[in-house]
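Residue numbering restarts at 1 for every chain, and letters A, B, ... go by the order of the sequence lines.
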Amino acid sequence: MDLDEDDFDEGVQRITGPGESITSSHAFMRGHGTYVDSEEVIASVSGTVERVNKLITVRAVRSRYNPEVGDLVVGRITEVQPRRWKVDANSRQDAVLMLSSVNLPGGVQRRKLESDELQMRTFFEEGDLLVAEVQAFFSDGAMSLHTRSLRYGKLRNGQLVTVPPILIRRLKSHFVSLPCGVDLILGLNGYIWVSKHVKQHEQEGEEGFDAEAVYSNRNDDIDDATRAAISRVGNIIKLLASHFIPLTDAVLLEAYEWAIEQEGSVKDLLLDEVGENLVSSLGSGMRQ
Amino acid sequence: MSSRIEILNDGGFRSDGRKQYELRDVLIDLSQQGTADGSAQISHGLTQVLVTVFGPREAKMRSHTLHDRAVLNVEMSVAPFSTGERRKRSKADRRILEMASMIASTFEPVVQTTLYPRSQIDIYVHVLQQDGSLLPACINATTLALITAGVPLHDFVCAVTGGVHSTSPLLDLTTVEENDIPHMTVAVMPRTQKVTLVTMETRLHVERFRELFELACEAGQTIHKEMKLAVKDRTVVLVGAMDAGLKGVAVDDRDRDVVMEDRI
């Protein structure tokens, strides 16, 4: 099957699979998810064919996270090594968080001391969750993270939900505040942090950078209503992910309102029937 | 070789009512299994295998990493209830280890491992039911699981067993037939028609080999069609669900199982 110039203009997504020839390699360049053999561009993954000018790529419908510089990710510390942490970020290799890419207590411009290297576990320990940004790549493709912003750092007061990374689209902001007193961090790697809402003015400012608070391992007091809201949002995300619906703040909000209207308990959301109803209600709400 | 069971009767039918070149029903289920990156369950008649794929991910053991490509790690477990006679097999069973390493070597030239240096791809094979053609079922399920995990492959790998009863070749053998007649397993890549695996545990007459080998390659193409259909179906459903979600249209939850009836 050959590909003509105008094949892509119809707005129809072409679906392909491994070993399927897409087009001639004379007219087009091969991108991700393809390889060239006997003068043909051939798909190597199953997904949709995308074209940018002469570049053909195939986007796998489900795969591990492919990092890009500037992406916001949520990760979990797996290992503490000399001057660095290893972070699981749902990618093909563990990410690296250098000691020099985190904010240390005592001011942003503070120099790193040997004592900092010795007490790395007081900042991040194995199993800690954190939100960070992709800073750069190493030569082997592993990503380097940084948490040099006051919005980044250790996570607490909440719950982690995992979804396929393709369901998280790039948004204006990946920090979402739902009106039900729940904050969301939509990591592009498919890890989502659902937590209690923190008021803007209570976030640590530049001067009042408080190491105790930033690297604290203790949760705040969370009342029952907030706990229920967090679990409900968590369940909604799991449900939408199981139906393979891309997550945006609008969809989540609508689903949450629907869930409140139904007056069911939090775990009712995980029933198949309730899930189907929610998904079909989403469609009708948006078409109006 | 005398046997209680007639492998091929005068009417040209085998013990389970199939013709010589007839394959058993293929059932493919590509639904998500737990936290696995990809998974596939395939049944060839009564042989049923579930494969889950994790990765590419950070290697558990540093010594297992290669600096220029990913490592394929295949682990196989056979359920005690998978055979007629209940029997517990340890993971260290020599036969199981050998089969796992055969699966790994089959896929090493097919998976584009060079794209994932220092990573590891874990393939867990669970045998749920056995009725002959176990290795082909494992290979086919692994292909599908790798595809659902989004691991780049050069092509599908489609495997099938073939055997010879006196002079007539048979395809897709059951346990009864495997116990009785010389047989071999062939895994092909359908696009280029390259062969990634040929294995024999019994002696086969050299003059029968060529015919059987070519037949098995052809059967591989047929299995490829079924596998391709199942993969395409799943991709269409998922892409459709995503588009619908973006446009805000309700998603019809189609049954993702694909059942194939027509055979050669």
For this session: Take B:R69 and B:E108, measure what salt bridge (Lys or Arg N to Asp or Glu O under 4.0 Å) needs, and give me the verdict at the end.
Result: CA-CA 10 Å; B:R69 62 197 160 94; B:E108 244 139 43; 5.4 Å; no
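- A:E50 contributes atom CD, which lies 12.5 Å from atom CZ of A:R14 (distance to the nearest 0.5 angstrom).
- In the model, A:E68 has no side-chain atom that pairs as donor or acceptor with a side-chain atom of A:N66 under 3.5 Å.
- Side-chain contact between B:I42 and B:Q48 is absent, with no heavy-atom pair separated by less than 4.5 Å.
- Ranked by heavy-atom pairs shorter than 4.5 Å toward chain A, the options B:Q112, B:R191, B:R118, B:H224 are led by B:R191.
- There is no contact between B:I121 and chain A, counting heavy-atom distances below 4.5 Å.
- Chosen from B:T192, B:D155, B:L153, B:D68, the residue pairing most often with chain A at heavy-atom distances under 4.5 Å is B:L153.
- Judged by distance alone, the side chains of A:S46 and B:T235 do bring a donor and an acceptor atom under 3.5 Å apart.
- Only the side chain of A:L167 comes within less than 4.5 Å of a heavy atom of chain B; its backbone N, CA, C and O stay farther away.
- For the pair B:G220 and B:C158, the tightest heavy-atom approach, listed with the atom from each and the gap, is O-CB, 3.4 Å.
- When each of A:S44, A:A142, A:S63, A:A60 is scored by its heavy-atom pairs under 4.5 Å with chain B, the top score falls to A:S44.
- In terms of heavy-atom pairs under 4.5 Å with chain A, the best-connected choice from B:A59, B:P152, B:G38, B:A70 is B:P152.
- Residue A:T162 does not touch chain B at all, counting heavy-atom pairs closer than 4.5 Å.
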